[in-house]
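Proteins get letters first, then strands, A, B, ... in listed order; numbering begins at 1 in each. Everything quoted here is computed from the prediction, not taken from an experiment.
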Amino acid sequence: MSKATDEQTAPAEEQGNRPAAAYESVPGTVQPDEPGDGQAPRRTYELEDTGFREVPKRWRKFYRVWQGPGDSLAPNEIICPVCKVVIRSHREFRPGDRAYCMPCMSRMIVVRMPDGTLGAEVIYQ
Amino acid sequence: MTADASPAFEPHQLDEEEFLREVHSFSFWFEAVEGYLEGRPYGADPELADEPLDGDDRDRLITTLCNYCVGEVTALDASSGLVRLAPNHHSRIFLATQVADEARHVEVFLRRLDDLGVLDGEAEVRARANPRLEEFRRRVLEMVDRGDWEAAVFAQNVLLESMEDTVFRFHASIADPVTRQVLEGVIADERRHLGFGENDLGRRLARDPAGRERLATIRAELDPLVLGSFDGVYRDLGLSRADQPSLGRDYLAAVERLGLTT
């Protein structure tokens, strides 16, 4: 699984994350927290390869197989509604983030589900 | 934003055009299949010990594999025809990889029939083919022949691929070790195919919502053929109806996302 760190405790660069400015030109993608938006800073994660082999090597750590009952999602993980693979990020997902499922080529937006968990809605346009 | 060598860079940061170009590419396909097929010629590790099956189990597995072959030959013939109809180069290149995948599926299932002692795989497939699946094949190829991209992509990449994905997953969970490995490789391929179909149609229907009504009608005609044939596969796997997983749940979810419910 992934090891969490707290963005408040170390500069982004020290955790292997890109500087915030690099995210700003990509609307809908994993966004830096807005200063003063009232939300806690996002947790960040060091991703490890979990043995998922269905994408090229450099992308493998961003996906894993859902193990079924008994498995659970970390805050930086969502399930692809199309192919049921677990999609992962270096950063905690929040509603409005964009995510890509490379194994099935789907694009999606992270949403808050009625039960309070994070889910994803496929975007086609 | 384009792909970046930084260790913190992630796929979700790609811009949409870059993402689509990456996942539809031959390079992506090649590295992906190399990941899960390396060391598995004909879909399974040659060192993996095969379990002997008794007469009834062997016979049921042969029938099941024969019908998988019908589905895969249908997908092979249809996807190769769709290459000519593809609306852009992304789709054309992707479909060429799908043709290779489907040909491999036919080959590995025929090889498995060989392993089980079937002397003439092609004849056995013809003899054991479910008539509803044969009828589905005829309809899909008609769609391709008349150049109906949307109908053919729906029938093949959404309906057929979703149902195969469900059935293969279930079968892999109860299969002998060799058949399970073969199915796992096929399932990994199917993820790309069904994703391509849903996303292509989703983009088209977002631009042309009126197309939903036509596809919903086609769906209503084809559903009984495919659902019925896979019901038969579950029976061949030795399951009573009560033991069957909810066949079609993922397919129905895809249909709902595309707005094709009637």
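Taking B:A206, B:G202, B:A253 one by one and counting their heavy-atom pairs under 4.5 Å with chain A, the maximum is reached by B:G202. Among B:N199, B:L258, B:L201, the residue making the largest number of heavy-atom pairs under 4.5 Å with chain A is B:N199. With chain A as the partner, the residue from B:R191, B:H193, B:E31 showing the most heavy-atom pairs under 4.5 Å is B:R191. For the set B:A254, B:G195, B:P11, the count of heavy-atom pairs under 4.5 angstrom toward chain A peaks at B:P11. Each of A:K84, A:M102, A:R60 has some count of heavy-atom pairs under 4.5 Å with chain B, and the biggest count is that of A:M102.
Residue contact with chain A, scored on non-hydrogen atoms closer than 4.5 Å, involves the side chain of B:F94 exclusively. Both the backbone and the side chain of B:A188 come within less than 4.5 Å of a heavy atom in chain A. Heavy atoms closer than 4.5 Å to chain A are found in both the backbone and the side chain of B:E16. For a residue to count as touching a neighbouring chain, one of its non-hydrogen atoms must lie under 4.5 Å from one of that chain's; by this rule B:F19 touches chain A with the side chain only. Of the atoms belonging to A:V122, it is side-chain heavy atoms, and not backbone ones, that fall under 4.5 Å from chain B. Only the backbone of A:C101 comes within contact range of chain B, judged by heavy atoms closer than 4.5 Å.
Judged by a 6.0 Å distance limit and a 45° cone about the ring axis, A:R53 is not positioned over the six-membered ring of B:Y36.
Using a cutoff of 4.0 Å between basic side-chain nitrogens and carboxylate oxygens, B:R21 and B:E18 are scored as salt-bridged. Remark: B:D200 engages B:R204 in a salt bridge, criterion side-chain N to carboxylate O under 4.0 Å. One finds a salt bridge joining B:D148 and B:R214 here, because a Lys/Arg side-chain nitrogen approaches an Asp/Glu carboxylate oxygen to under 4.0 Å. The pair A:D49-A:R64 does not meet the salt-bridge criterion, since no charged nitrogen lies less than 4.0 angstrom from a carboxylate oxygen. Ionic pairing of B:E10 and A:R91 is not present here: no N-O contact between side-chain nitrogen and carboxylate oxygen is shorter than 4.0 angstrom. Classification of B:R112 and B:D176 as a salt-bridged pair holds, one side-chain N sitting under 4.0 Å from a carboxylate O. Of the charged side-chain nitrogens involved, none lies within less than 4.0 Å of a carboxylate oxygen, so that B:R40 and B:E38 do not count as a salt-bridged pair.
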